[in-house]
Amino acid sequence: VFFIDRITEIDVLTGEIKSRLEHISIFPASHYVVPQEKINRACVDIEKELEKETLQKKIKLQIEEDTKKAKMEYYNNINNNYEQSKRLYEEYENKQKWIVGLVILGLMFVAGGFGVASYLYGNRCYRGYEVKNKVNRSDSNNVNYRYHNGNILKYSRSGISEINNEGKSLWNGGYEMKQPQVDVCGDYVSVADVSGKQCYIYNGKDEGVTVETSLPIVRAKVARQGVVAILLQDKDSNVLNIYNPYSNAESLLVEIPTNVSEEGYPLDFDISPDGKSVVTSYMIAGSSDFETKVSFYNFTEVGQDKNTLVGGKSFGNKMIADVEFVSDDEVLVAHEKGYSIFGQMKQPEVVTEKTFSDSIKSLAVGDDALAFVLQKEGNAKKQTLNLYNLSGREKMQQDISYEYADMEMYGDEIIFTGNRSCNILRTNGHDKFDYHFEQEIDAVYPTSDGQVYTLIDSSTIQKIRLQTK
């Protein structure tokens, strides 16, 4: 559509406006006129073309719309599938969690049941036994036995031997003594002739060595490398001598004299496992009372500067029952009302102390624990077992009613033996064995098998396996 604002006549050469016209007649450049029939056909073709283009546009729009719908459906399906997959996965995970939870619960139940069963089985009490092996004793009742490194020392006035739990001899040594006294440490065994002047040291690898003394022997203690401490008796004094019988030079290493009237009567002594220290307990008697004390000696360069005496402590009128090294550098001093542990043997000092209200009836020393049986004053049947580690922490306290004459600790077991009875108590407080024998027994010793023990009576050596009745 064209809109005419004005009509102007212009000179084609100069471009000058000649006039302004109100109207003008314009004729075609050609006088040729298209016939009406042809115009009609052209109109029909144009309409067809227009219809065709319109149809194509509709088809294109339909395709685009269908494509858009398809995409939307696709994305919706993906989203729905994702949501469904997510839901199914969550359901699967939840089921898996339930299954895993049930499995874990089942395993915990089984483990708990197994743990309970294992605990009950491991802590059950045996009240019978089966004899696995028996050897008749060919020795007399003057033969004594002692536990040593899983085997048994068998000694008398005429010799010593080490046997296994089947009665087989591993080594032996001969001597003649009126009163043999045996001590052990590691692989070494000492046999001293009390009131005599000979002490034999064995290690199972040779025939043994002998220490000859100038004075009668009171007692001997051995260290783990064969060094031996021997207490000797003189008329008015005692001498504690330290020997190394395996030395190529002089075997007498240290001589510690004591005067009974001044320093007191020696009650007990012990040598450290490494052979570098000695502890001795003394009793000094007064006109109306007495005093006990301990003295510490060290044979290293520290002790040499102080004539070997490096420390001591008075315990007043408390009777000292036992002094014993529990390690190379720790000493147990047990008295009637408690105990003390000293450490640092170059400069001894108390590291742990315990005082009991009841009297000590028995004491057993283990590898890393101390067991005390306390007895009420005036009530012999009221007995309490107290178990401590070497730091003084109480591990167990339990009333017991065993009738026994001897108490020993081996590993995590405490063995009580009487004339015809044996009770084995675990250090967790559970009874392991409770039995009354028809015959008199001398000893019960453990073996490497936790259910097998060596039983020695007056006529046999038996290897027994504990059984429930």
Side-chain angles (χ1 to χ4, degrees), residues 146 148-149 181-192 199 201-203 209 211 217-232 238-247 251-258 263 266-282 293-313 315 320-335 339-353 363-370 388-392 409:
R146 179 164 180 167
H148 181 233
N149 291 346
Q181 178 257 321
V182 171
D183 189 57
V184 298
C185 185
D187 293 331
Y188 285 85
V189 178
S190 67
V191 187
C199 181
I201 297 91
Y202 301 96
N203 58 21
V209 294
V211 173
I217 296 173
V218 177
R219 187 181 300 178
K221 296 290 184 73
V222 68
R224 63 171 172 259
Q225 70 281 79
V227 173
V228 62
I230 304 177
L231 182 64
L232 305 175
N238 293 96
V239 181
L240 183 60
N241 286 351
I242 313 301
Y243 299 90
N244 183 359
Y246 296 93
S247 174
S251 63
L252 179 60
L253 302 178
V254 180
E255 187 176 37
I256 306 172
T258 59
E263 296 176 273
L267 298 172
D268 195 11
F269 75 96
D270 197 17
I271 186 170
S272 62
D274 61 7
K276 296 180 180 180
S277 302
V278 162
V279 59
T280 305
S281 60
Y282 297 95
K293 67 176 185 177
V294 291
S295 297
F296 299 93
Y297 304 89
N298 186 269
F299 313 131
T300 64
E301 65 282 356
V302 175
Q304 297 299 329
D305 295 338
K306 301 178 181 179
N307 197 25
T308 71
L309 180 65
V310 292
K313 178 179 172 61
F315 283 82
I320 296 175
D322 183 46
V323 291
E324 184 172 348
F325 276 90
V326 292
S327 71
D328 286 342
D329 215 33
E330 293 177 299
V331 170
L332 166 70
V333 179
H335 53 81
Y339 74 92
S340 301
I341 291 184
F342 292 79
Q344 304 295 329
M345 287 301 101
K346 291 182 179 180
Q347 293 181 324
E349 59 181 12
V350 176
V351 295
T352 301
E353 276 190 320
L363 163 66
V365 179
D367 295 332
D368 56 359
L370 308 172
Y388 300 92
N389 64 15
L390 298 184
S391 299
M409 188 186 312

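Keep in mind it's a predicted model, so treat the numbers as computed, not measured.
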Does some side-chain heavy atom of [Y] sit less than 4.5 Å from a side-chain heavy atom of [X]?
X	Y	result
Val331	Asp270	no
Ser281	Val333	no
Phe299	Thr308	yes

Hey, what do you get for [atom1] ([X]) to [atom2] ([Y]), rounding to the nearest 0.5 Å?
X	Y	atom1	atom2	result
Lys276	Ile242	NZ	CD1	14.5 Å
Asp187	Tyr202	CG	OH	16.0 Å
Gln344	Ser277	CD	OG	10.5 Å
Gln225	Asp274	CD	CG	7.0 Å
Lys293	Thr280	NZ	OG1	10.5 Å
Ile256	Phe269	CD1	CZ	10.0 Å

What pairs with [X] under side-chain contact (heavy atoms from CB on, under 4.5 Å), at least two apart in sequence or on another chain?
X	answer
Asn203	Tyr188, Lys205, Asp206, Tyr246
Val218	Leu231, Gln233, Asn238
Ser247	Asn244, Ala249
Ser251	Tyr243

Quick one: closest heavy-atom pair of [X] and [Y], and the distance?
X	Y	value
Ile201	Gly226	CG2-O, 4.2 Å
Thr352	Gly392	CG2-CA, 3.6 Å
Glu353	Val350	CG-CG1, 3.3 Å
Val228	Val211	CG1-CG2, 4.3 Å
Ile341	Leu390	CD1-O, 3.4 Å
Tyr282	Thr258	OH-CG2, 3.0 Å

Considering residues at least two apart in sequence or located in another chain, which fulfil the side-chain hydrogen bond (donor to acceptor under 3.5 Å, both in side chains) criterion with His148? Glu162
Is there a donor-acceptor pair closer than 3.5 Å between any side-chain N or O of Asp322 and the backbone N or O of Ala334? no
Measure from the side-chain N and O atoms of Gln181 to the backbone N and O of Ala220, and report whether any donor-acceptor pair falls under 3.5 Å. yes
Kindly check if the number of other-residue, nucleotide or ligand heavy atoms within 6.0 Å of CG (Asn389) is above 12? yes
Asp329 and Lys346 ion-paired at < 4.0 Å: no
Side chain to side chain contact (heavy atoms under 4.5 Å, CB included) partner of Lys221, the single match among Leu240, Ile230, Asp268: Asp268
Not counting sequence neighbours, which residues clear salt bridge (charged side-chain N to carboxylate O under 4.0 Å, His left out) with Asp328? List them please. Arg224
Would you please classify the geometry between the Phe342 ring and the Phe315 ring as parallel, tilted or perpendicular, with 30° and 60° separating the classes? perpendicular
